[in-house]
Amino acid sequence: MIKGLFVKKKKYATIPTGKVKQDVPEGIMSKCPECKHIMVTKELRKNLLVCQACQYHYPMSSQERIAGLIDEGTFTEYDADMISKNPLEFPDYVEKLESDRKKTKINEAVVTGEGQIDGLDVTLAVMDSRFRMGSMGSVVGEKITRAIEKAIENERPFIIFTASGGARMQEGVLSLMQMAKTSVALKRLSDRGLLFISVMTHPTTGGVSASFASVGDYNFAEPKALIGFAGRRIIEQTIRQELPEDFQTAEFLLKHGQLDGVIHRSQMKKTLGTLLKIHSEGRR
Amino acid sequence: MAAELEFERPIHELEKKIAELKSFMDEKGIDLTDEIKRLEEKLSNLEKSTYSDMKPWDRVQIARHAERPTTLDYIGYLFSDFIELHGDRLFGDDEAIVGGVAFYKDIPVTVIGHQRGKDTKENLRRNFGMPHPEGYRKALRLMKQAEKFNRPIICFIDTKGAYPGKAAEERGQSEAIARNLVEMAGLTVPVICVVIGEGGSGGALALGVGNYVHMLENSTYSVISPEGAAAILWKDASLAKKAAESMRITAPDLKELGIIDEIIEEVKGGAHKDAKHQAELIDQVLETSLHSLLAMSQEELINQRYEKYKKIGQFGFVNDSIVVK
């Protein structure tokens, strides 16, 4: 089932090198990778990239996510021109970044900015798994931190859509420290009484799962998203037993009390809008 | 007897040879004083060059040494009246993390650290120093208690990583680590972290958001183990030595990357050679750090921590004159 999709993902949660298998569908017709249902691509897009037959949620690019979520014409991007260096002088890293920039038309694995949802102001960060598997290096950490600082400055809620294999190995321990950097900023946001909503999308693992993704005032996830700390293969090797099929899915986390809810993509904007409205009434 | 480390073998061989010559001299009554003196000089030079030019992989081996002093060893040397406190009040007590209250000189403090074992039996009990969520939640409980009673917190970091197991995932390993990062950021008391062995990824960082982060000279701090990195990069875990060099995981590397504050000198050949003396070397740095933090207000402590982490990272902009490469 869902397993077959992530064959390349089953390595180690912190190490995102594999390509995203299911990019945005091309062509007039699209075949659902889950149930093989054939759909008109245009219809699929209108349906926010959710299969009409089996409700499989295709991975979304940051551009598509923002278009589907933020009120038209209200989005302003922050720090779009920030790019990674190669602090460890890692072989091939610069080339890989360059090729991902070309492929995705974005400069790094997260897009940040501000806009409105149902007319209410939000600060937003959307990770993009097409770019280095959404992994977090210095730029991702810095952009998210700056976005949180903007939210504090403007006294606005902060919403993040995560999609990440974890810390970016090519920047070594600098990547690890971005977990701490984003956390100190989130603490300041929280101390100011501001709202933080985390929406985990497929996949959210390793260092991203073990930092900002898991500490929202509300933690949500998209159906069947892979969410976890350690990689499935590592765990199977460690405990020497097979894991249940739904292990580390959004539904699994919900069952174990780690999520406030699993939200279908068609209900996402509405749910966030309602929450924002609840928080805009009363004191904040 | 400590297990022999690969890079120390030439030293041990020379030591053995000297010992042999000495006993030969005593037995046969032949004067070999000059020869012995020459070899001893050679040994001294060899030691100097070996220990002053340690390769990353040599340090990894020392950091992992079975007899390397652990959190409880240092607690014994550095603190008095230590009372260990157990349990997270939610699920259980994880012995891969120890914590409690004690006096540091005459200052009441809270001490927390990863705890691995030195033999198989203790390692099984301690889960090889790889915590479950309840370990991190116990640590957080003790930190919050320290904050309530205005006690400084000292954390010792020594883990291969958070435990990658089924139960750990079910109980929210990610959330436990993430929560500690956020809550440590806001503590109103001084927090000093010392990496004493291996600092393995998020599982280490979950005790590592401090006002000061120091590392013992031969400890490591990394996003992934050298074996893990090698397996990913070259599909071959046996290339760990090469990975250790390219990943920049040693104390001098982290100092250069602007992540840690001070490198704490180790006794010659590694902390395991003389734990008591090593504790004294830690003591010197700890005392200075603690006193400088005790002079700060609650707000200053939180802001100092904020600025410390905010500045970690390297990035550029598309239009920079010197772009990447």
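We name chains A, B, ... by the order of the sequence lines, and we start the count at 1 in each one.
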Q: Among B:Glu170, B:Met247, B:Arg248, B:Gln173, single out the residue with the greatest number of heavy-atom pairs under 4.5 Å to chain A.
A: B:Glu170

Q) Taking B:Lys310, B:Arg305, B:Glu175 one by one, which has the highest count of heavy-atom pairs under 4.5 Å against chain A? A) B:Lys310

Q: Using non-hydrogen atoms and a 4.5 Å limit, figure out which bit of A:Glu108 sits close to chain B: side chain, backbone, both or neither.
A: neither

Q. Does a sphere of radius 6.0 Å around CD in B:Glu300 hold more than 12 heavy atoms from other residues, nucleotides or ligands, not counting ones at 6.0 Å or beyond?
A. yes

Q.
Which atoms of A:Gln241 are under 4.5 Å from chain B, going by heavy atoms: the side chain, the backbone, both sets, or neither?
A. side chain

Q: Check whether A:Tyr93 gets within reach of chain B through its side chain, its backbone, both or neither, counting any heavy atom under 4.5 Å.
A: neither

Q.
Using 30° and 60° as the class boundaries, would you call the ring planes of A:Tyr218 and A:Phe220 parallel, tilted or perpendicular?
A. parallel

Q: Using modelled atom types only, decide if a donor and an acceptor are shared between the side chain of A:Lys181 and the backbone of B:Ile312 within a distance under 3.5 Å.
A: yes

Q) Are the side chains of A:Leu176 and B:Ser222 in touch, meaning some heavy atoms are under 4.5 Å apart? A) no

Q) Is there side-chain contact between A:Ile234 and A:Phe229, with heavy atoms separated by less than 4.5 Å? A) no

Q: Could you tell me whether B:Arg171 sits above the aromatic face of B:Phe91, with NZ or CZ closer than 6.0 angstrom to the six-membered ring centre and within 45 degrees of the axis?
A: yes

Q) Between A:Ala185 and chain B, which part of the residue has a heavy atom less than 4.5 Å away: side chain, backbone, both or neither? A) both

Q: Counting only heavy atoms closer than 4.5 Å, note whether A:Leu174 contacts chain B via side chain, backbone, both or neither.
A: both

Q. Heavy-atom distance under 4.5 Å to chain B: side chain of A:Gln248, backbone, both or neither?
A. side chain

